[in-house]
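Just so it is clear, the values below take in all heavy atoms, side chains as well, and ignore hydrogens, waters and symmetry mates. The structure presented is a predicted model; accordingly, all values stated were derived computationally and were not measured.
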Amino acid sequence: MGIQRHGVMLWIIIAVWGCSKANDNATIVDVFGRHPANWIVDHREAFRSLPGAIDNPEVARGSICSQCHGGDLRGGIAKVSCFGQGFGDRSCHVHPTGYRNPGSHGADAKGFGVSLGLSRCQGCHGSRYAGGLLSGVSCSSSASLSDPAFGCHGIGAPHAANWAASTVHAHTTTDPGNAPACAQCHAGGRFLTNLPPPPPQPSGTAPGCFNNTLCHGSLHPSGWINPAQHGAAAKANLIFCQRCHADNPSGGPGSNPRFNVAIGRLSAGCETCHKALTAHPPVMQIPAVFGISSPDPLGTPWFRHGTATNFDACKLCHGADLDGVNGVPGASRCRKCHVSALPTTINQCRSCHGQPPNGTLYPNNGNTHTSHAALNVAAGALCGECHQGLGTGTLDHFNRARAGTAGVQGGPVAFGGLLSRAGGAAPSFTLATLRCDNTYCHGTTLASNSPPPAAVILSPTWNSPYPAGTRCGRCHGFPPANAVHGGFTGNTPCNGCHGHVSASNDGFGDPGRHVNGVIDLSPGVHAFPNPGSAHKGSSTGCTACHAVSAPGDPYPVPAGTPPNCRSCHLAANPGRDPQCSDCHGAAADDVNSNAGRPNGTAFPNAARSHSNPDSHVVGCAICHSGGGTGAATHGNSNRVAKGFNEVSLAFSGGADATLTGMTFTRVGGVVSCNGTCHNNITGRTHNHAPETW
């Protein structure tokens, strides 16, 4: 027994002597050659803290450790290898059996603490995880050095290839303490493939999982919680949202993910606001903490889904083929509404009916839709002429499609377009009889239809097409029964004035100019209504439409009726080239400087002071600048009858006078002038102080 005790003591003395002789300056062992308590754990950081220790073999050879454990750390005088299977009950730098299994080393790498975390792997595998001082194994190898049949990560990173979205090797279970290790590759959002880069952070900001230095943080802009912002992004690519908000972040078609992952204020993920099992409306309840309200009433079905563009996102929950098979409970099959074709192949209106409808069954009841297809209406606005507010993207349209009623549903017509109401028309539709009333389109506003000729149908029914060859006469007489068309017959070529009509009077060379809110006339035929006296000097052809009879006919006349020329030309027949004296002044003066000078007693030929020989011997434009013959403001025009109060009073110096401080004052039917007029023709000065016209 004594001999045994002496042997042990001798071994200790030798060991202490050996360590102390080889390491006289060591601070990691005591005088007995013993390491501090918990050294097996603490020595890792002590070694790693040596500059370059992870990657540089010379650091190990010159370290304090080498003095006892040898330059290669495999024994030395201590006879203890850092790479032995164990020391006592402790494992050294050899992974336990089965450690290459991701379930074992992955959990350690994603953990954090004294002996866990990605940075701990660097101690052996190098600072870039590509092989280091103590292990030549690279985490990025396509195959294990010790077992070629076993592949490693192979992606140039110490994590799985699908680490961001995987449900098995999910990075979401990684301790945020690993952020500095992740930042080696991903600082500033580098190498992100499914997320936008985070905004730059102030210099010196420590890496963190949720402070925009890597991937997460305030990736969403201010106000993102507002449906108008995140809704548009979700409809463009819901899979983008799936990465962070779904319980199955990488599931494909038919995977039925729940968007209920708790993040920040979202205690139930997207389902905090949205209905359970969906990531889209109906919004059931928005917590008051968000301080917003939904753009649609709470509980409203998602009728705006027509603006969604990513059908792969729809397939997540509505079945891999959008047929609802194995989809989320309650997820509709798209063909329930899109009865003609899936919107993946035929988008928008044509997935349910022709554009316009052209069939025989709801929702593709053609009836007389095709007769209305060539109207001159802005692109996309044609349907709205008769179905204003009922079309794609409206709740009404969504509910009709979802109901799928095999017939005409209530309130199918709502006039609201510019064309159906042109000319002041007030159209209406009676569902019981399928009849349209008071529409511009069918001639209600035409003066020639008051009263309508026998053949005219001002109130057509939607399911009764007009007989072929009689269409012109169904909306207006053929020709229209008014003075303009007097003497014309159904054989008179309409395109003499209406160039868009075919030469045979049975169709249109340009259908877009028919029923378009205006009366289209051929080049050389003035616009209707005529914009004032701009027609001066163009009397040729007027009598084709306008009567030229005795004065006294009324003005203005009903819309669509050409006025009698003598309604404006009160004094003379304008059959010759019209002159000023047709309305005021003397015909004898038409060719001299007195042309148009009023010389009578009533408007528009009230002489008043126009004929004062002492002063008013100047051109009309001196006092009526811009209001003379040829201007749209001169005389009756555009269905507006002019009177004394509409006379244009505007001074102009002109070539024959200089006006100083001249002003007009109009009170009722009295005009007063005040100021000084220097008449360069007579050389006299006339002072108004003031003078009543």
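The heavy-atom pair separating L419 from E385 by the smallest distance is N-OE1, 3.1 Å. Nearest heavy atom pair, residue N438 against residue A425, reads O-CB, 3.5 Å. Looking at every heavy atom in both residues, C565 comes nearest to V548 through SG-CG2, 3.7 Å. Scanning both residues, H476 and L446, for their nearest heavy atoms gives CB-CD1, 3.7 Å. Contact detail for H634 and K642: the closest heavy-atom pair is N-NZ, 4.4 Å. Annotation for G389 and T394: closest pair O-CG2, 3.5 Å, computed over non-hydrogen atoms.
Within the cation-pi definition used here (under 6.0 Å to the ring centroid, within 45° of the axis), R400 does not qualify as a partner of F303.
Between the side chain of N310 and the main chain of D312, a donor-acceptor pair closer than 3.5 Å is present. Checked by atom type and distance alone, the side chain of S340 pairs as donor or acceptor with a backbone atom of C352 at under 3.5 Å. At distances below 3.5 Å, at least one donor-acceptor pair connects side-chain atoms of H318 with backbone N or O atoms of S332. Here the side chain of R350 pairs no donor or acceptor atom with the backbone of G354 at under 3.5 angstrom. No side-chain donor-acceptor contact under 3.5 Å links H500 to the backbone of G509. T489 places a side-chain N or O within donor-acceptor distance of the main-chain N or O of N491, the cut-off being under 3.5 Å. Side-chain N or O atoms of K336 include one that pairs as donor or acceptor with a backbone N or O of R402 at under 3.5 Å. A side-chain donor-acceptor contact under 3.5 Å links N226 to the backbone of A228. A donor-acceptor contact shorter than 3.5 Å links the side chain of S567 to the backbone of D553. Formation of a donor-acceptor pair under 3.5 Å by the Q388 side chain with backbone atoms of A414 is not found in this model.
Between C494 and F478, some side-chain heavy-atom pair lies under the 4.5 Å cut-off. The side-chain heavy atoms of P453 and N449, taken from C-beta on, include a pair separated by under 4.5 Å. No side-chain heavy atom of S502 sits under 4.5 Å from any side-chain heavy atom of F508.
Of the options N605, D589, N599, D590, a side-chain contact (heavy atoms from CB on, under 4.5 Å) to S581 is made by D590 and by none of the others.
When only modelled atom types and interatomic distance are considered, N367 and N463 share no side-chain donor-acceptor pair under 3.5 Å. A side-chain donor from one of H569 and D582 sits under 3.5 Å from a side-chain acceptor of the other.
Identified under the salt bridge (Lys or Arg N to Asp or Glu O under 4.0 Å) test for residues 423-442, with sequence neighbours left out: R435-D437. Listed by first then second residue, pairs satisfying ring-ring contact (aromatic ring centres under 6.0 Å, His included) with a partner in residues 437-463 read H369-W462, H372-W462, not counting sequence neighbours. Pairs passing the salt bridge (Lys or Arg N to Asp or Glu O under 4.0 Å) check and including a residue from residues 440-452, sequence neighbours excluded, do not occur.
With sequence neighbours left out, N495 forms a side chain to side chain donor-acceptor pair (under 3.5 Å) with no residue at all. A search for salt bridge (Lys or Arg N to Asp or Glu O under 4.0 Å) contacts involving R304 returns D296, not counting sequence neighbours. Under the side-chain contact (heavy atoms from CB on, under 4.5 Å) criterion, A401 pairs with C337, not counting sequence neighbours.
Applying the 6.0 Å contact sphere to NZ of K275 captures no more than 12 heavy atoms from other residues, nucleotides or ligands. Within 6.0 Å of atom CG in L418, 12 or fewer heavy atoms from other residues, nucleotides or ligands are found, so the atom counts as exposed in its surroundings.
Once rounded to the nearest 0.5 Å, the distance linking OG1 of T439 with CZ of F429 reads 12.0 Å. The NE2 atom of H280 sits 7.0 Å away from the SG atom of C317 when rounded to the nearest 0.5 Å.
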Exercise for review: Using the side chain to side chain contact (heavy atoms under 4.5 Å, CB included) rule, take L298 and M284 through it: C-alpha gap first, then chi angles, then the decisive distance, then the call.
Suggested key: CA-CA 6 Å; L298 295 181; M284 301 309 295; over 6 Å; no
